[in-house]
Amino acid sequence: MISIAELSVDFGGVRPIDGLTVDLDAMVHGVIGPNGAGKTTLLNVVSGFTPPSGGSIVIDSIDVFELSADQRARWGMRRTFQTEQLVDRLSVFDNVLVMAETSLPRPARHDASMAAIEFVGLPSASVAAGSLNSLERRLAELARALVGGPKVVLMDEPASGLVGHETEQFGALVQRIPVELGAQVVLVEHDLDLVSTVCERVAVLDFGRLLAQGPTATVLAEPAVRAAWLGEALT
Amino acid sequence: MTRLRSLFGTSTIAAIAIAFVVALVVPMVLGSGWVATLTSCALYTLPAAGVGLLYGELRLASLTQIAFVGLGGWIALRFGIGFGWPLPVLVVVSAAVTALFGAALALPALRLRDLYLALVTLLVAASADVAFNAAGFPNGGSGFLGYQAFGDLQRLRRPAIATTDDGYFRLTVAVLVAVLLGLVWIRRTSLGRSWALIAQSEGAAASSGIRVTRGKVVAFAIATGTSGIAGALMAANLGQLAPSTFHVSNSLLLFALVVIAGSRSPAGWVIAALLYRAVPYFLSERGLNGHLATMLFGLAVMHNLISAPAGLADQLAGVTAKLRTRRAVAP
Ligand SMILES: Nc1ncnc2c1ncn2[C@@H]1O[C@H](COP(=O)(O)OP(=O)(O)OP(=O)(O)O)[C@@H](O)[C@H]1O
Ligand SMILES: [Mg+2]
């Protein structure tokens with residue numbers, strides 16, 4: 001479980017996260033909110049790229065602010081990016097291997113990398129990442145995040161750039177992560193269908209604050225959420 | 001042989017074969033002036049490789065590489081003339097000490113980005129320039145600096161296996177090939193992969209557990225250590241060194257040439273060194289001003305930026321590939 005308390009982030013006057021207190025307590029937890037709500041900033045603070053101006057984040061009784069970003073990754077905090085980050089000239093295998101090399105002993109690296117590539121369902125490990133289509137790129141980036149004992153996997157809009165059936169395929173994969181790998185997933189996503197399908201619970205951010213949290217169907221039905229998120233007028 | 005091929009690839013084995021033939025044939029067919037010039041080219045391929053490693057792998061612009069050649073040369077002269085250490089030891093010590101200096105420079109400098117990093121490395125090169133001029137290069141004098149303006153000026157001797165110009169050329173090419181193979185190999189290790197990810201995005205690298213600063217510092221140490229090797233070999237080749245060889249403008253020029261020639265490929269590093277030393281020599285041999293070369297390089301930079309961002313070596317590879325397919329199509 002990820003316990004966030006009184007978390008704030010300041011960018012010289014702008015407060016993208018403003019006293020946020022929330023427990024992300026489901027194995028697949030959604031985070032939604034309108035553009036600029038602070039979702040990416042939240043992932044950046046959790047994963048160690050953006051320093052907080054106050055508050056705390058505790059995961060499995062570990063104070064994450066004691067660890068640098070790379071230490072968090074080796075501990076098991078993994079993430080994917082809003083624009084996925086693969087090295088085009090390296091093979092899929094080498095892209096995934098990088099994570100294995102920082103988090104696993106040498107003899108285990110090869111098999112673990114292959115297992116992750118197989119888990120996400122990529123047909124070939126040896127092709128250059130530059131030759132992959134957008135779904136395959138998302139899958140390869142996810143494979144890298146899943147290698148070597150992930151504990152928490154943060155995903156930033158993994159479905160952007162995917163079409164309907166691809167999103168479904170990706171969603172099914174996301175649901176397998178806690179079951180088969182034992183890692184918690186935090187999914188930042190605009191695609192509400194995907195969120196409804198895969199997230200047991202969801203938190204709604206607006207202007208860096210928690211607007212609502214609870215079981216996904218309940219939260220998405222709340223009028224205040226629909227107003228903030230879909231721009232619907234309150235009736 | 002199959003193991004070699006799986007380690008380095010066919011093109012690398014071809015390159016080793018070419019280097020072997022060059023080392024063998026050049027002294028047979030070319031005069032002493034060209035042998036000396038090509039020895040110098042082989043030496044300068046080492047700092048060019050350092051520039052290429054930092055810029056090609058990590059997009060770090062280091063403008064100090066020639067200064068580190070000077071530092072390596074200084075160390076070799078100091079211990080070679082002062083204590084009579086043999087060349088292999090001098091090479092290793094020069095490489096190690098320049099690598100340490102490189103790492104020490106990198107730690108604070110890497111907090112800076114792009115242009116600022118380039119400027120800081122340029123200032124370091126300028127300071128080294130001043131230091132070389134003030135201290136001189138060791139020539140048998142007393143004290144820490146080992147320099148004397150008059151008296152019994154001593155020279156560093158070449159090793160017994162390579163006392164002639166031809167022999168020393170072959171020795172230099174052999175060392176160059178070994179170092180280039182090492183660098184190509186490093187790119188395929190976990191360190192090389194971590195560089196690739198750092199260059200892609202430092203955020204993605206850190207979130208893959210990579211220690212970003214450490215990766216960059218190690219790259220700097222390797223690049224400057226490579227220059228140190230060149231310095232030691234140059235010192236033994238010439239016997240004495242002069243501060244003007246390591247002028248700050250030379251580091252700038254070498255950087256530009258590596259970018260023109262292709263920072264990611266060993267062929268690009270070799271081409272850069274040929275442009276740096278062989279082209280001016282070719283021009284002056286024909287009674288033209290060697291500085292004409294610098295103007296030509298300026299034009300080449302523009303050409304490069306417009307039409308060949310991956311460098312001359314890449315363009316040449318494109319031409320050979322085209323020729324190959326044409327031959328395959330022809331009946
Ligand atoms: N480095 C920064 N400096 C200043 N302001 C920033 C910085 N990064 C983000 N912001 C601001 O913080 C706010 C939250 O941005 P963030 O990227 O976290 O939103 P988001 O919820 O991920 O939006 P989107 O759905 O568009 O991805 C925005 O107003 C943004 O302009
Ligand atoms: Mg975002």
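So you know, we letter chains A, B, ... as the sequences are listed, proteins then strands, and number each from 1. In this text the structure is predicted, and so the values were computed from the model without any measurement.
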Chain B and chain A: which donor-acceptor pairs fall below 3.5 Å?
{"unit_1": "B/Arg193", "atom_1": "NE", "unit_2": "A/Glu101", "atom_2": "OE1", "d": "3.2"}
{"unit_1": "B/Arg193", "atom_1": "NE", "unit_2": "A/Glu101", "atom_2": "OE2", "d": "3.3"}
{"unit_1": "B/Arg193", "atom_1": "NH2", "unit_2": "A/Glu101", "atom_2": "OE2", "d": "2.5"}
{"unit_1": "B/Gln200", "atom_1": "NE2", "unit_2": "A/Gln85", "atom_2": "OE1", "d": "2.9"}
{"unit_1": "B/Gln200", "atom_1": "NE2", "unit_2": "A/Leu86", "atom_2": "O", "d": "3.3"}
{"unit_1": "B/Ser208", "atom_1": "O", "unit_2": "A/Thr102", "atom_2": "OG1", "d": "2.6"}
{"unit_1": "B/Gly209", "atom_1": "O", "unit_2": "A/Arg74", "atom_2": "NH1", "d": "2.6"}

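- The stretch residues 43-50 of chain B places none of its residues near chain A, where near means some heavy atom under 4.5 Å from a heavy atom of that chain.
- In terms of heavy atoms, B/Ala206 sits closest to A/Phe49 at CB-CE2, 3.7 Å.
- Only the backbone of A/Leu86 comes within contact range of chain B, with at least one heavy atom under 4.5 Å from a heavy atom of that chain.
- Within 6.0 Å of OH in B/Tyr276 there are more than 12 heavy atoms belonging to other residues, nucleotides or ligands.
- Atom CZ of A/Phe65 sits in a crowded spot, with more than 12 heavy atoms from other residues, nucleotides or ligands closer than 6.0 Å.
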